[in-house]
Amino acid sequence: MKRSHIIMIIMIALAGAFMIASVSDSSSYADFAEAFENPEKEYHVVGTLDRSAEIIYEPEVNPNLTGFTMIDNKGEKRTVWLNKSKPQDFERSESLVLIGKAEGDEFHAGDMLMKCPSKYKEEQKFEYIESAENSYNR
Amino acid sequence: MIEYIGERTLWGDLGNTLLAVSFTAAVMAAVSYVLAHYRNSDELRITGRWFFRIHSIAVFGAAATLFYMLFNQYFEYDYVWKHANSEMPMRYIFSCFWEGQEGSFLLWSFWHMILGNILIHSAGKWENMTVTVVAVMQALLGSMILGVFIFDIQIGNSPFTLIRELPENIGLPWTNMPDYLERIPSFQDGRGLNPLLQNYWMTIHPPTLFLGYASVIIPFAFAIAGLWSGKLREWIRPAIPWAFFSVSILGIGILMGGAWAYEALSFGGFWAWDPVENASLIPWIMIVAAAHVMVVNIRKNRSLYTAIFLTLTAYVMVMYASFLVHSGVLGDSSVHSFTDNGLMLQHLTILMSIIFVSTFLILYDRRLKVIFTLASAVLLAAGAVFTQPVAAMVAFLGMSVAMMVVSYQRVFPKPEQEEPLWSREFWIFIGSLVLLLSAAQIALETSKPIWNILAEPFRGPLLDIHSLTGIDGFRALAEGKLAPHSDVISHFNKWQIPFAFIVTFLIATGQFLRFGKNQIGTFLRKISLAFFLALAVTAVSGYAMEYKSNEIPLLILLFTTLFAVFANMDYLIRVLRGKFDAAGASVAHIGFALVLLGALISTSRSDKISENASRFDIERLNEEFKNNEDILLFKNDTVPMGRYFVSYEDKEKEGVNVYYNVHYFDKAPKTFKAGDLAIARGAVFSANEDHTPGPDFVADQKKWTLVEDPREIDIDAVPRWSQFKPGEQLFTLRPRIQLNPEFGNVAEPATKNYLDRDIYTHVRWAELEADSNDAGFRSADTLKLAVGDTAFVGSTMLRLNGLAVVRPEQRVEYMVGENDLAVRAIVGIRDDRGETYEVEPLYILRDSVMHIPDPVIEDETGLQVSFIKIDPLTGKHEFSVAEHYSRRKEFIVMQAIQFPMINILWVGCIVMFLGTMMAVRHRIKQSRKLKKA
């Protein structure tokens, strides 16, 4: 066998191994229901902040802990403890991705991605426009 | 037809016309050049040139028009409204230009146009083919910003669209108001630039990065030309300087992005393996690999197929990067906000076309080409007919790879003999394969959201694989729920470190191997000096920096990067003897190794010195919650942090920025005298003898005696035990929060630079708006307390000492009515200085039904306590407690990270840029020399 063949076989084997390793070493997106069924597994849970519930952040007690309620995409609400300081403009977030595990009936997230709306003002604008319209129609 | 008042439609029309002209002229230039190539006609070539010049003027004009509109704030235009506002300083107008997708495509197109003109002047006999490639790409890119509708299909988004003409606004009543611009207030000002991008790096980083992206088209165009004309090798020589140019510019562009992130973003570092960063890194790694293999081919006529494959793939990866960033597929996996621009299909079509053309040309065999074309057509048709476009695309990609393997194995011309094992050409080839694998791993990992889409038609087989192997990931993939690793940064580091040490090891040794056969003994002797020097330095510094046994990969990388630095210095001095011309490679390699070395040390030894010494043990909640990286600083308190004492003094508002002044003091040694008092472990101690304190109290305990009865002592005056006291003030850092109602407030870091380390700080949380009601109380906390329970509100502790019914004879004292039933709670309060108080809020039931809250205010602590609910079932009663605002001490939550040796990284960036530029110069000189000869 020529050396180039050996190298090629190694390359293909490595590429295949990468694929499998990459798949097996992944987290998965889930809703709260699934995450609470498997409390030992780490999940990415996507949802939105429940603005009606209280956001607990008491830096005097612990600056690295934030508590809030998230509604997942299926509409299930859960109390969440995030092991981070409260992100700036948390209240205005559009969607959240929690990375963590279920613990009892709470979700404990070690990390969180937060999407702030880039279209924030656009929505605002249409409100303005409607009000302008009303004044026009009147 | 409505006559709109105040619209400056002339400029938009001009812009759109220029875009249409640039698109048409690019198509015409491509057609002319193709004909010129096949007919070998100089006249047609001249025609092609003219069309390309018209195209160039149109692209330049369109860019200038957009700039003019941004500069003059024509807010009736969507792009201007979205990216500019009236308060924008001039220097950010450029940033506005490329903040949006349309502008960044225009920027990209602008660089292509410049490079195309350089090719016209310098490509010589390659002009017809290479400029064709550039012109075709210009037409494709141009189509992304064309903004026309063909039937119902939108081709491109134009940056010159009026807000009133946006599809979502058409038909809205206000669009029929002739004076809508005056009438609707939000047209008076635009949204402005995202504050994160208001940074000087944003003026220079995007154009550099896009020049890097754009420049990859030149090696690509030469490779295509080589395959097209059948001159399989000849294209490499003119392409080499350009390949190194791409390495240089794209590399420095990426690193500028890192510098920007370090300076302006509060991500806590310069590299976060974010999809957008990865998208730029992948093509860079590919073009680095391609450029090296090109050098091999020129010298030894080896690795031809690899050189072509890597060059083509590098450009495919540029397009793929653009697709990832612009199409919105990354969705939830990135902190960046991506919006689907509705052009995903168009972008995908462009990407697939490039893959098709590249594969078609590399097949190099008429029969294979026919089979590939037919099969692609069948797949396209089948995908459309059976509405299975995803399956068809996966099949197409799979087939492309298979055909390329067949082409490599069966038809591509190869030298008879293999290269010798101990030769530079062989090890560069291996190095390029390692780079390919490294890029593949990054690409696979970053593309996880795309896997979910591609896996959709293969749900069944994937579920089978899941039940066969038990790997949960396959089920997640089948269900389209595969997510990135939960700790992306450490995951990437784990995978990429082994690649990095192979690559740096090859960088160290490669130059000492000559092209052709080498004597292994001589080679070993040559590298031994650098090898042992690196080994010694690794041992010493590894020990000094306390690398532990579970950090072996880091130690190996420390060794290989040092080895690479020393070996290339050695080569520069002993072999090249400082000859400047040929030194580019060595200098660039030293730079690259320094970048890795700096990144390695600063990241692996970064120290979050802002540790929270909290009363509340966070691990009690969850033992995996170990994150204590943020520190709470009360105003005017001086607390130890790392090797400093820090004190938050005040905040200052300057324009939109709120600066937080944090002073840093030296840690001065302290001495205790006999009889000194100190609080430690919750008790008061008295010193037995004069002494200098040790690292902790336990070690010193013999020198102290417990004060059994501290009642005589003024506890407030007794300091806490500490080893140090604040010394002289060293410096002040002013991290800031930028207030921006449009995009949200943004924390920007402040960094103290030392030669050997940086102290990088940013405000994680600060109260921006005062939270207080009319009476000056903050919003109340609800506490549920059983008798004996304690809880904190602010810095004050409360304890429910007991409950008692108000007896009839006490009614007068407690001012309770005849028919009232009242319960008093005895609540103990202990403030932050340790003073204790007691209050007795009442729970009153009037006529056995109506509850009357009776808040009491404790004067000293400024606490307002109400008794809200009695819960006999659980025994936990509810209280509402509010602090008076004036009592609250202002504070910030801050993070501080110490990055040691980060300057090695920045020095490496500059050295690498200089080295690659020297290589470009060297390669240009060489090809000129050859032209003359």
Side-chain angles (χ1 to χ4, degrees), chain A residues 2-4 7 11 14-15 18-20 22-30 41-44 46 57-65 81 83-86 88-89 92 94-95 97 99-101 103 108 110-111 113-122 124-125 128-129 132-133 135-137, chain B residues 172-174 177 183-186 191 194 332 334-335 337 339 418 421 430 433 437 440-441 444-445 448 471-474 476-477 481-487 491 612 614-616 618 621-622 624-632 737 742-747 764-765 792 794-795 891 893 895:
Chain A
K2 287 209 289 191
R3 205 191 308 136
S4 64
I7 292 170
M11 288 286 288
L14 278 177
F18 281 5
M19 296 270 236
I20 292 167
S22 180
V23 171
S24 60
D25 216 3
S26 299
S27 171
S28 61
Y29 290 107
K41 254 187 85 176
E42 205 150 22
Y43 285 104
H44 283 53
V46 186
Y57 182 57
E58 287 170 0
E60 304 99 319
V61 179
N62 193 312
N64 294 302
L65 190 69
W81 289 105
N83 184 198
K84 287 258 157 106
S85 50
K86 182 177 142 186
Q88 295 284 344
D89 283 322
R92 278 172 51 175
E94 192 172 55
S95 76
V97 184
I99 303 167
K101 293 176 185 175
E103 190 85 39
H108 289 185
D111 206 353
L113 300 178
M114 185 177 91
K115 289 275 166 71
C116 273
S118 56
K119 286 186 177 171
Y120 191 72
K121 179 83 180 266
E122 268 169 274
Q124 257 188 349
K125 185 184 80 174
Y128 279 132
I129 287 168
E133 240 175 71
S135 68
Y136 183 69
N137 293 340
Chain B
L172 289 181
W174 64 266
M177 296 159 32
R183 200 171 268 276
I184 299 175
S186 48
R191 189 168 56 173
N194 190 329
D332 291 327
S334 169
V335 288
S337 236
T339 38
E418 297 204 293
L421 182 61
I430 293 294
L433 292 188
L437 285 173
Q441 196 273 331
L444 284 175
E445 200 62 38
K448 270 182 183 160
I471 297 172
D472 284 341
F474 284 106
L477 189 58
K481 295 200 292 199
L482 197 71
H485 194 268
S486 35
D487 186 356
H491 182 67
N612 168 46
S614 139
R615 282 174 297 211
F616 175 74
I618 200 165
L621 192 68
N622 182 330
E624 280 170 38
F625 277 11
K626 296 209 163 104
N627 183 357
N628 265 354
E629 60 200 19
D630 300 346
I631 194 170
L632 177 80
I737 290 182
E742 315 296 332
F743 293 92
N745 304 323
V746 172
R764 299 280 282 184
W765 197 84
F792 278 99
S795 45
F891 63 85
V893 176
Q895 187 174 82

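By convention in this document, chain letters (A, B, ...) are assigned in the order of the sequence lines, proteins followed by strands, and residues within each chain are numbered from 1.
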The interface call for Asp25(A) against chain B, heavy-atom contacts under 4.5 Å, is both
Cut-off 4.5 Å, heavy atoms of chain B, and the answer for Tyr57(A) is side chain
Check whether any side-chain N or O of Lys481(B) sits under 3.5 Å from a backbone N or O of Ser27(A) as a donor-acceptor pair, and report yes or no. no
Donor-acceptor pair, distance only, cut-off 3.5 Å: does the side chain of Glu418(B) make one with the backbone of Ser4(A)?
yes
Review point. What is the ring orientation for Trp765(B) with Phe891(B), classed by angle as parallel under 30°, tilted 30 to 60°, or perpendicular over 60°?
Key: parallel
| task | Before accepting this row, confirm whether a basic side-chain N of the pair Asp472(B)/Lys41(A) lies closer than 4.0 Å to the acidic partner's carboxylate O. | result | yes
Whatever's closer than 4.5 Å to a heavy atom in chain A on Ile430(B) counts as side chain
